[in-house]
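So you know, we letter chains A, B, ... as the sequences are listed, proteins then strands, and number each from 1.
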Amino acid sequence: MRFSRVTVPTLKEKPAEAEAVSHELLLRAGMMRSFAAGIYTLLPLGDRALANIESIVREEMNRAGALEVVLPTLHPSDPWMCSGRWQAYGPEMMRLTDRAGREFCLGPTAEELMTITVAKTAPSYRELPVNLYQIQTKFRDEMRPRFGLIRGREFRMMDAYSFHADEDDLEVTYQAMREAYLTIASRCSLSTMVVEASTGLIGGKASHEFMVVSEIGEDLLVYCPGCDYGANFELERHRPGHAFGGESAPIEEVHTPDMMSIEDVASFMGTTPRGVLKCVMYVVGKELVAVFVAGYREVIEAKLAAALGTEDFHVMRDDERELFPTVVPGFTGPVGLAGVRALFDQEVKGARGLITGANKVDYHYRGAEEGRDFVAEPVADVAGPVEGDLCPVCDGELKIARGIEIGHIFKLGLKYSEPLEANFTDRDGVPKPMVMGTYGIGTSRMLQTVVEQHRDDGGIRWPAAVAPMPFEIIVIATEGGGQPEAAARIVSELEAQGFETLLDDRDASPGIKFNDADLVGLPVQVIIGKKLPASGNVELKMRYTGERRDLPLGEAAAGAARALAEAP
RNA sequence: CGGGGUGUAGCGCAGUUGGCUAGCGCGCAGCGUUCGGGACGCUGAGGUCGUCGGUUCGAAUCCGACCACCCCGACCA
């Protein structure tokens, strides 16, 4: 490939649309361009890098026993109606209508179509398990597309679906997928953490996310440096008892005029939010529930939903206060609380020396003690973690980080096979629903994640396995130096070995070429310049380490191939 | 969907109290000089000022609607 053609349109300045550094680099390095919010064109180099990632995914999926298929991207509405997700998916689904008025969507995922595909074969238990996957463009009308390829409305994803006679067999494939995903991430030079996750709209019993820790990550995750425990922020299970409350003391009423916030009350009382019991009022259906957590924690609504057994709730709005005249907003506490349902975070059990609302305007209690002044019942884990919380598995202290979700695996169970009547014939001749798993990897998201993790001030530093191509040949021509001829020789020698090359044969100044080469970030640069006439040498530059080596022209191609083998 | 911001040449931006031929930098084309970390000179091409409507003798500039993009906000590969 030649730089002197339109193949690599690099940009000197940062495009105004660039959100993350990796986004900026992909645009500036001429790898991609945007067409609309969350919708991108991949130019030749970006396309090659994505193809490399998808090849790795394909190899590891095949190795793990999965088989590739191609499903439609245009889905009829029927299967989605049957599973109930035509409604459940809501506005995130890209919908359209054909000329006859039939409804379709652009597939956001493919559980329904794949389940039906397998169900139509009416398998017997002898033919199971089966694991089918595709690498396809998916569509989701995201509320907020962000960070380039990290969160697009059109994106590339590998999605796999496994079908089993029983849960034990699903477990085997689930573990195989987990291993395959870790191998894929590691081959792409992404260091990945596996965390427990929620099943969300996909549904099912258990799931794990594969996270790359990054400041532009959109998820919060909690992990333990002491063991392999990790979980999504909303799912984690920290142990309670993290220095909440104070010494046991007699309870007393304190005048706290206009102190509605935890911060205000804490500083007025000469303590911190660690001494205060926080109350958040939720309207659950038509009922009011006072949720109590430690003053330094947040209520996690995903946990609350699990504790309440419903998702039909929201924080009480100002305009709803008159519906519940018995409560005193800002001064609600568990002592003497009447006419309102209460729910306590596990940490409240046994806490003493608490500052709480007194259920009276402008008054708080000091020294409230659970078990003496009130009873924390019912109790549930409804509070979020903070750094330093105790790990539920070992004695380590939890840490919190942002992460990019590059993959997600789910145990679905019968969630789709029952409504879609995806049955197999069991040993006893009776039809039973297949037990399913589903597994996704965001390949276009991975592409940008690789850039996010492998870059420096000069540009991208592609890991060799993902790099669009291995070599950039830079020609710095001087009068009668024979550089163009030398470059042509190296290019043809490398191509004879099966390597693609990017030849910078532009009539541009050396600085432009060096800077563009670093920006584009191919692993090995071969620089053919003033050293050639002087000493017969060309120069190799390793993009990742910056290391340089001089080689005689005749050994350049072999030396470049060797350098590539050593590159990260 | 709610709140905030921005739309002017391929890219980054100025101009916006209404006024003459709409500017600057980069990039692009031609010529010459340069040639190891984003060189220099000369010449030149390139714009329905997001769209539609209104006010006005006159609109990039004022008014209205719409569209697009970006930022902040609540389950996503």
message: With a 3.5 Å cut-off and heavy atoms only, can you find an N or O donor on one side and an acceptor on the other between the side chain of A/Arg151 and the base of B/C76?
response: yes
query: Side chain of A/Asp219, base of B/C76: donor and acceptor closer than 3.5 Å?
result: yes
Rounded to whole angstrom, note down the [atom1] distance from [N] over to [M].
| N | M | atom1 | answer |
| --- | --- | --- | --- |
| B/G2 | B/U8 | P | 25 Å |
| B/C49 | B/G44 | P | 25 Å |
| B/G38 | B/C11 | C1' | 15 Å |
| B/U56 | B/C70 | C1' | 34 Å |
| B/U48 | B/C67 | P | 24 Å |
| B/C76 | B/A60 | P | 47 Å |
| B/C57 | B/U43 | C1' | 39 Å |
| B/C26 | B/A22 | P | 22 Å |

query: Under the salt bridge (Lys or Arg N to Asp or Glu O under 4.0 Å) criterion, do A/Glu472 and A/Arg543 qualify, and how do the steps go?
result: CA-CA 10 Å; A/Glu472 175 156 347; A/Arg543 176 63 182 94; over 6 Å; no
query: Is the number of heavy atoms from other residues, nucleotides or ligands under 6.0 Å of A/Glu547 CD greater than 12?
result: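 Counting other residues, nucleotides and ligands, CD of A/Glu547 exceeds 12 neighbours.
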- prompt: Just by distance, do the side chain of A/Thr438 and the backbone of A/Phe410 share a donor-acceptor pair under 3.5 Å?
  reply: no
query: With nearest nucleotides of RNA chain B determined for A/Asn515 and A/His23 from heavy-atom distances, which residue corresponds to the more 5′ nucleotide?
result: A/Asn515
field: Which residue lies more 5' along RNA chain B, comparing A/Glu142 with A/Glu13 via nearest heavy atoms
entry: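 Result of the comparison: A/Glu13.
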- line: Picking from B/G36, B/C69, B/C76, the nucleotide nearest the side-chain atoms of A/Ile527 would be B/G36
- prompt: What nucleotide among B/G12, B/G36, B/C72 has an atom nearest to a side-chain atom of A/Lys530?
  reply: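 Looking only at heavy atoms from C-beta outward on A/Lys530, the closest nucleotide is B/G36.
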What is the distance, rounded to the nearest whole Å, between atom [atom1] of [X] and atom [atom2] of [N]?
| X | N | atom1 | atom2 | answer |
| --- | --- | --- | --- | --- |
| A/Arg153 | B/A68 | CZ | C1' | 11 Å |
| A/Leu11 | B/G25 | CG | C1' | 15 Å |
| A/Asp550 | B/G36 | CG | C1' | 12 Å |

message: Regarding A/Asn131 and A/Tyr133, do their side chains bring together a donor and an acceptor under 3.5 Å, going by distance alone?
response: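 No, A/Tyr133 and A/Asn131 have no side-chain donor paired with an acceptor closer than 3.5 Å.
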field: Distance-only donor-acceptor check, side chains A/Thr10 and A/Asp516, under 3.5 Å
entry: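 Yes, because at least one side-chain N or O of A/Thr10 sits under 3.5 Å from a partner of the opposite role on A/Asp516.
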task: Go ahead and name the base partner of B/G44; Watson-Crick or wobble counts if both distances stay under 3.5 Å, otherwise write none.
output: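 Looking at the geometry, B/G44 pairs with B/C28.
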- prompt: Do we see A/Phe155 stacking on the base of B/A77, given a limit of 5.5 Å between centres and 30° between planes?
  reply: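 Yes, A/Phe155 stacks on the base of B/A77.
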